[in-house]
Amino acid sequence: SFSNHDIIIVGAGFFGATIAERVANELGKRVLLIDRRHHIGGNAYSENDRETGIEVHKYGAHLFHTPNRVVWDYLNRFTQFTDYRHRVFSAHKGQVYAMPINLGTICQFFGRHFSPDEARALVAEQAAELNGREPQNLEEKAISLIGRPLYEAFIRGYTAKQWQTDPRELPESIITRLPVRYTFDNRYFNDPYEGLPVDGYTAIFERMLGNPLIETRLGTDYFDVKAQIPEGVPVVYTGPIDRYFDYRAGELKWRTVDFAQEVLSVGDFQGTAVMNYADEDVPYTRILEFRHFNPERNYQSEKTVIVKEFSRFATRADEPYYPIDTVEDKRTYLAYKTLAEQEKGVIFGGRLGTYRYLDMHQAIAAALKSFESEVRPALT
Ligand code: FAD
Ligand code: UDP
C-alpha cells in the first residue's frame, strides 16, 4: 500500500538515498523509497563478480572525490574510505601518456625536457590562434588551455567518440572538469578528499537505508504506481524530468554507454585501473580493469575483469548517463524547470531530475541542501 508513508522518494541513487536517510534519522518520519531497477545505489551500484570476486561498478567507474568537508564527513558515517588515488593513462599512436595533461605528458609528447615556464610559454604560443578571444565552446576552450597539438592528440578523437557531437557545439564545462598541470603531478583529481569505499559502494546504501522507518521497493516504476499515491503526500522525484511531464516540451538529449565486460585469464591486463584510448580508430573510449581500484584486497591472481566502454546517443529505452546540454537542450530544460516549479508537492532533484552532470559528492550536497530548504519544511 502507499498510504503509510510521510514521503515518497523516487530513485535510490545518492540523491534519493540521502533524502531518505535524513527524513528517517533526523525527522523520524516514514519513507517509501522506490526504484524501477532491482537494486539500490542508482548509478553508483557495484557488485562482486561471481567468477573472480572482483568488485565491479556496474554503471562505469565511480571514483569518490570531493572538496566539500561537509559531504566527506557525512559519507564517512556510512563507510570508511581506502587511500586510493585515481590516475589515468591515455594510449595514443602506440604510446602511453599520463592524463590529465601535465608536465610529464608535455615532455613525453614533444620529446624533450621542459621546465614549467618553458612548457607554459610553448602552450601559450600554440594557444595564440584564438587572438585573445574568449573561448566559446569545448574546442576553443581546450585550445586555450593546451594548444592545438595536444588537443588534437588527446582530446579531439576521444571527445569525438564520447560525444559524437561537433566539439564546437559542446559546452566548455565538459573540458574544464579536466585539470591541466605544469608539474609532474599526475593525479586525476585536485580534491583534498578522495578514496574508495572499503566495503564497496552498495554497502554505503545499505547503511544509509538501514532505518526501519525506510521501506524500499525495488522493481517499481513510479509511473505505474503514481495513481495509487494519496493526495498531499510529498514526492521527491529523481527520475528524468522530461519523462515526468510526458515529454511535452520535447526530449532532453543524453549520451549512454554500452559496457562490454570480459573475464580474462591473466593476472593483470593493463597494469592500471583506467586506460583511455585517444585515437578515433579504436572504437571504445576506455578500458577499465577493476582489480586495480582495490589493490588493498587480496584478489586471486589468475583472472581479471575488464570493461570496454562504447559511447552512443541514448534513446528513451536506454540508461541516460551524460546530459549533452547543447543550447537547444538548455532551452528545453528551462521549459521543464518552469513546469516543475508549478508542480505542487513534488521536489525534483538529482542528475536526471535537474538535467545536470553531477558527481556523487555534488548529488549528495544538493540533497543535503534540498532536505533543509524543501523537504524539512514540507514535513514539519
Ligand atoms: P542516479 O544514481 O541516476 O539515481 C536515479 C535513480 O532513479 C536510478 O536508480 C533510477 O533507476 C531511478 N529512477 C528513474 N526513473 C524512475 C522511475 N520512473 N521510477 C522509479 N525509479 C526511477 N560521480 C563521481 O563522483 N565520480 C565518478 O567517477 C563518476 N563516474 C560516473 C561514470 C558514469 C558512466 C556515470 C553515468 C556517472 C558517473 N558519476 C560519477 C556520477 C554519479 O553516478 C552521479 O553523481 C550519481 O549517480 C547521482 O545520483 P542521483 O541519485 O542523482 O542519480
Ligand atoms: N577527455 C578527453 N580525453 C581524455 C579524457 C577526457 O578528451 O583522455 C574529455 C572528453 O570530452 C570527456 C571530458 O574530457 O568527455 C571529461 O572527462 P572525464 O574523464 O571527466 O569524463 P567522465 O569520466 O565523466 O566520463
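The residues of the chain are indexed from 1 along the displayed sequence. Each ligand, and each atom within it, is numbered from 1 in the order the structure gives.
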For the ring pair Y97 and F154, is the centre-to-centre distance below 6.0 Å?
yes

Does ligand 1 have any atom sitting under 4.0 Å from a heavy atom of A367?
no

Below 4.0 angstrom, N of the basic side chain to O of the carboxylate: do R133 and E140 qualify?
yes

Which residue and atom name correspond to the protein heavy atom nearest atom 4 (O) of ligand 1, and how close is it?
G13 CA, 3.6 Å

So which heavy atom in the protein is nearest atom 36 (C) of ligand 1, and how far is it from that ligand atom?
Y321 CD2, 3.4 Å

Could a heavy atom of I40 be found less than 4.0 Å from some atom of ligand 1?
no

Nearest heavy atom to atom 8 (C) of ligand 1 wins, so pick from L352, I19, D35, I9.
D35

Any N or O of A12 that comes nearer than 3.5 Å to an N or O of ligand 1?
no

For ligand 1, which atoms sit closer than 4.0 Å to a heavy atom of G350?
52 (O)

Using non-hydrogen atoms of the residue, decide whether Y45 is closer than 4.0 angstrom to ligand 1.
no

Looking only at distance, does D359 have an N or O less than 3.5 Å from an N or O of ligand 1?
yes

Hey, mind stepping through H5 and E215 against side chain to side chain donor-acceptor pair (under 3.5 Å) and telling me if it holds?
CA-CA 9 Å; H5 308 92; E215 181 190 340; 3.0 Å; yes

Tell me, which protein residue and heavy-atom name are nearest atom 49 (O) of ligand 1, and how many Å apart are they?
F14 N, 3.7 Å

Using a strict cut-off of less than 4.0 Å between a Lys/Arg side-chain nitrogen and an Asp/Glu carboxylate oxygen, indicate whether R207 and E21 qualify as a salt bridge.
no

Here the atoms of ligand 1 under 4.0 Å from any heavy atom belonging to Y222 are 17 (C), 18 (N), 19 (N), 20 (C)

Using a strict cut-off of 4.0 Å, indicate which atoms of ligand 1 neighbour a heavy atom of Y59.
33 (C), 34 (C)

Run the side-chain donor-acceptor check on residues 284-292: report pairs under 3.5 Å with partners two or more places apart or on a different chain.
residue : atom : partner : partner atom : Å
T285    : OG1  : E309    : O            : 3.3
R286    : NE   : E309    : OE1          : 2.9
R286    : NH2  : E309    : OE1          : 3.3
E289    : OE1  : F269    : N            : 3.3
E289    : OE1  : Q270    : N            : 2.8
E289    : OE1  : H292    : NE2          : 3.3
E289    : OE2  : F269    : N            : 2.8
E289    : OE2  : T304    : OG1          : 2.6
R291    : NE   : G267    : O            : 3.4
R291    : NH1  : G267    : O            : 3.3
R291    : NH1  : Q300    : O            : 3.4
R291    : NH1  : K303    : O            : 2.9
R291    : NH2  : Q300    : O            : 2.8
H292    : NE2  : D268    : OD1          : 2.7

Element-labelled atoms of ligand 1 that are located less than 4.0 Å from some non-hydrogen atom of A61
27 (C), 28 (O), 29 (C), 30 (N), 31 (C), 32 (C)

Going by heavy-atom distance to atom 27 (C) of ligand 1, choose the closest among T238, L63, T256.
L63

Do the side chains of R36 and D224 get close enough for a salt bridge, i.e. N-O under 4.0 angstrom?
no

Taking all heavy atoms of I19 and all of S370, pick out the closest pair and write down the distance.
CD1-OG, 4.0 Å

Apply side chain to side chain donor-acceptor pair (under 3.5 Å) to residues N186 and R181 and explain how you reach the verdict.
CA-CA 8 Å; N186 66 351; R181 298 204 193 94; over 6 Å; no

With a 4.0 Å cut-off on N to O distance, would you call E374 and K369 a salt bridge?
no

Give the residue and atom name of whichever protein heavy atom lies nearest to atom 25 (O) of ligand 1, and the separation in Å to one decimal.
M360 N, 2.7 Å

Just need the protein heavy atom nearest to atom 38 (C) of ligand 1, so name the residue and atom and give the distance.
H62 NE2, 3.3 Å

R168 and D166 ion-paired at < 4.0 Å:
yes

Checking a contact table here: which protein heavy atom is nearest atom 18 (N) of ligand 1, and how many Å away?
D221 OD1, 3.2 Å

Ligand 2: protein residues within heavy-atom distance under 4.0 Å
M99, F154, I155, Y158, T159, Q162, W163, I174, I175, R177, L178, Y188, N276, R286, Y322, Y357

Would you give the length of the straight line joining atom OH of Y151 to atom NZ of K141, rounded to the nearest 0.5 angstrom?
14.0 Å

If you draw a 6.0 Å radius around CG in D73, do more than 12 non-hydrogen atoms from other residues or ligands fall strictly inside?
yes

If we only count N/O pairs under 3.5 Å, is N43 in contact with ligand 1?
yes

Given F64, which of F81, F78, Y84 fulfils the ring pair (Phe, Tyr, Trp, His ring centres under 6.0 Å) condition?
F81

How close does the nearest protein non-hydrogen atom get to atom 48 (C) of ligand 1, and which residue and atom is it?
A363 CB, 3.8 Å

Below 4.0 Å from any atom of ligand 1, is there a heavy atom belonging to F223?
yes

Which ligand 1 atoms are under 4.0 Å away from a heavy-atom of G239?
14 (C), 15 (N)

To atom 3 (O) of ligand 1, the nearest of E309, R351, R37, R36 on a heavy-atom basis is R351

With a 4.0 Å heavy-atom cut-off (strictly under), which part of T220 contacts ligand 1: side chain, backbone, both or neither?
backbone

P240 heavy atoms within 4.0 Å reach ligand 1 at atoms 15 (N)

When you measure from the heavy atoms of V10 to every atom of ligand 1, does any distance fall below 4.0 Å?
yes

Is the CZ atom of R112 crowded by more than 12 outside heavy atoms at less than 6.0 Å?
yes

Any atoms of ligand 1 less than 4.0 Å from a non-hydrogen atom of L358? List them with their elements.
41 (C), 42 (C), 44 (C), 45 (O)

Mind checking whether A17 contacts ligand 1 via backbone (N, CA, C, O), side chain (CB onward), both or neither, at a 4.0 Å heavy-atom cut-off?
neither

Identify, with sequence neighbours excluded, every residue that meets side-chain contact (heavy atoms from CB on, under 4.5 Å) alongside Q261.
D49, V56, K58, V305, V307

Any ion pair linking E55 and R297 (charged N to carboxylate O, less than 4.0 Å)?
yes

Using a strict cut-off of less than 4.0 Å between a Lys/Arg side-chain nitrogen and an Asp/Glu carboxylate oxygen, indicate whether D325 and K330 qualify as a salt bridge.
yes

Filter on ring pair (Phe, Tyr, Trp, His ring centres under 6.0 Å), then keep only pairs touching residues 13-45, sequence neighbours left out; what's left?
F14-F205, H39-Y45, H39-Y59

If you count heavy atoms of other groups shown closer than 6.0 angstrom to CD of E134, is the number above 12?
no

For residues R217 and L32, report the shortest heavy-atom separation together with the two atoms involved.
NE-CD1, 3.8 Å

Inspect the contact between E319 and R255 and indicate whether a charged nitrogen and a carboxylate oxygen are less than 4.0 angstrom apart.
no

Proximal atoms of ligand 1 relative to G11 (non-hydrogen, under 4.0 Å):
6 (C), 7 (O), 12 (C)

Tell me which protein heavy atom sits closest to atom 51 (O) of ligand 1, plus the residue, atom name and distance to 0.1 Å.
F15 N, 2.9 Å

Just distances here: any N/O of H65 and N/O of ligand 1 closer than 3.5 Å?
no

Is the shortest N/O to N/O distance between Y237 and ligand 1 below 3.5 Å?
no

